[in-house]
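The block underneath contains the structure these notes are about, expressed in structure tokens.
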Amino acid sequence: MTTTRRTAIGLVAAAGGAGTLAACGGDGGDAGGASGGGEAVTVPVAEVPEGGGVVRDRVVVTQPSAGEFKAFDATCPHQGCAVDTVTTEAIICPCHDSRFDPADGSVVQGPATEGLTARTATVDGDVVSVS
């Protein structure tokens, strides 16, 4: 018997692996609840490293230079996965390795062809609020 792609997917789904297959295009994984609207997300300034950043509640907060904070929606525009890593060079999506500039959210490496959606970051004392 020859196994087709459709048969293989059906077998994986029947075995309980459907959630794994859907991870690249579904709700972006479990990285929190806010995604572009609703309540503000707050992050302590001390948790956002200079030259890097953090991902919290479906939001990315970066500090490209001392005291300058940027924020982006954590949803990768390629297929809706949630980015999960921020380095000095890139915000990284684990699904297909798209990479985005921490300073402005633009695409550094595809397959994504659009940058991350910018959010508003406001610093109040020792907290960054993202709306």
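Reckoned from all heavy atoms, side chains included, excluding hydrogens, waters and symmetry mates.
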Minimum side-chain heavy-atom gap D97-Q109 below 4.5 Å: yes

Less than 4.5 Å apart, any side-chain heavy atom of V59 and any of D73? no

Indicate yes or no: at least one non-hydrogen side-chain atom of F72 is less than 4.5 angstrom from one of I91. yes

d(C93 SG, R99 CZ) to nearest 0.5 Å is 10.5 Å

Closest non-hydrogen atom pair, V107 against A112: CG1-O, 3.4 Å

V48 with V123, same ILVMFWY side-chain cluster at under 4.5 Å: yes

Taking side chain as C-beta onward, heavy atoms only, is Q63 less than 4.5 Å from E68? no

Just verifying a value: how many Å separate D104 CG and K70 NZ, rounded to the nearest 0.5 Å? 8.0 Å

Close side-chain approach of T85 to P94, heavy-atom, < 4.5 Å: no

For E114, side chain to side chain donor-acceptor pair (under 3.5 Å) partners two or more places apart: none

V128 vs T122, test: side chain to side chain contact (heavy atoms under 4.5 Å, CB included). Steps then yes/no. CA-CA 6 Å; V128 179; T122 306; over 6 Å; no

When every non-hydrogen atom of E89 is compared with those of P102, the smallest separation belongs to O-CD, 3.6 Å

Does anything in residues 41-50 pair up under side-chain hydrogen bond (donor to acceptor under 3.5 Å, both in side chains), and if so which pairs, sequence neighbours excluded? E47-R56

Between P77 and F100 the two heavy atoms that sit nearest each other are CD-CZ, 3.8 Å

Can you confirm whether P111 sits close enough to S98 that some side-chain heavy atom of one is under 4.5 Å from a side-chain heavy atom of the other? yes

Quick one: does any side-chain atom of T62 pair with a main-chain N or O of P64 as donor and acceptor, under 3.5 Å? no

Tell me yes or no: SG of C76 and SG of C95, less than 2.5 Å apart? no

For V86, which of I92, V61, V60, V54 qualifies under side-chain contact (heavy atoms from CB on, under 4.5 Å)? V60

Any S129 side-chain heavy atom under 4.5 Å of F69 side chain: no

Assess, by modelled atom type and distance only, whether the side chains of S131 and R119 contain a donor and an acceptor separated by less than 3.5 Å. no

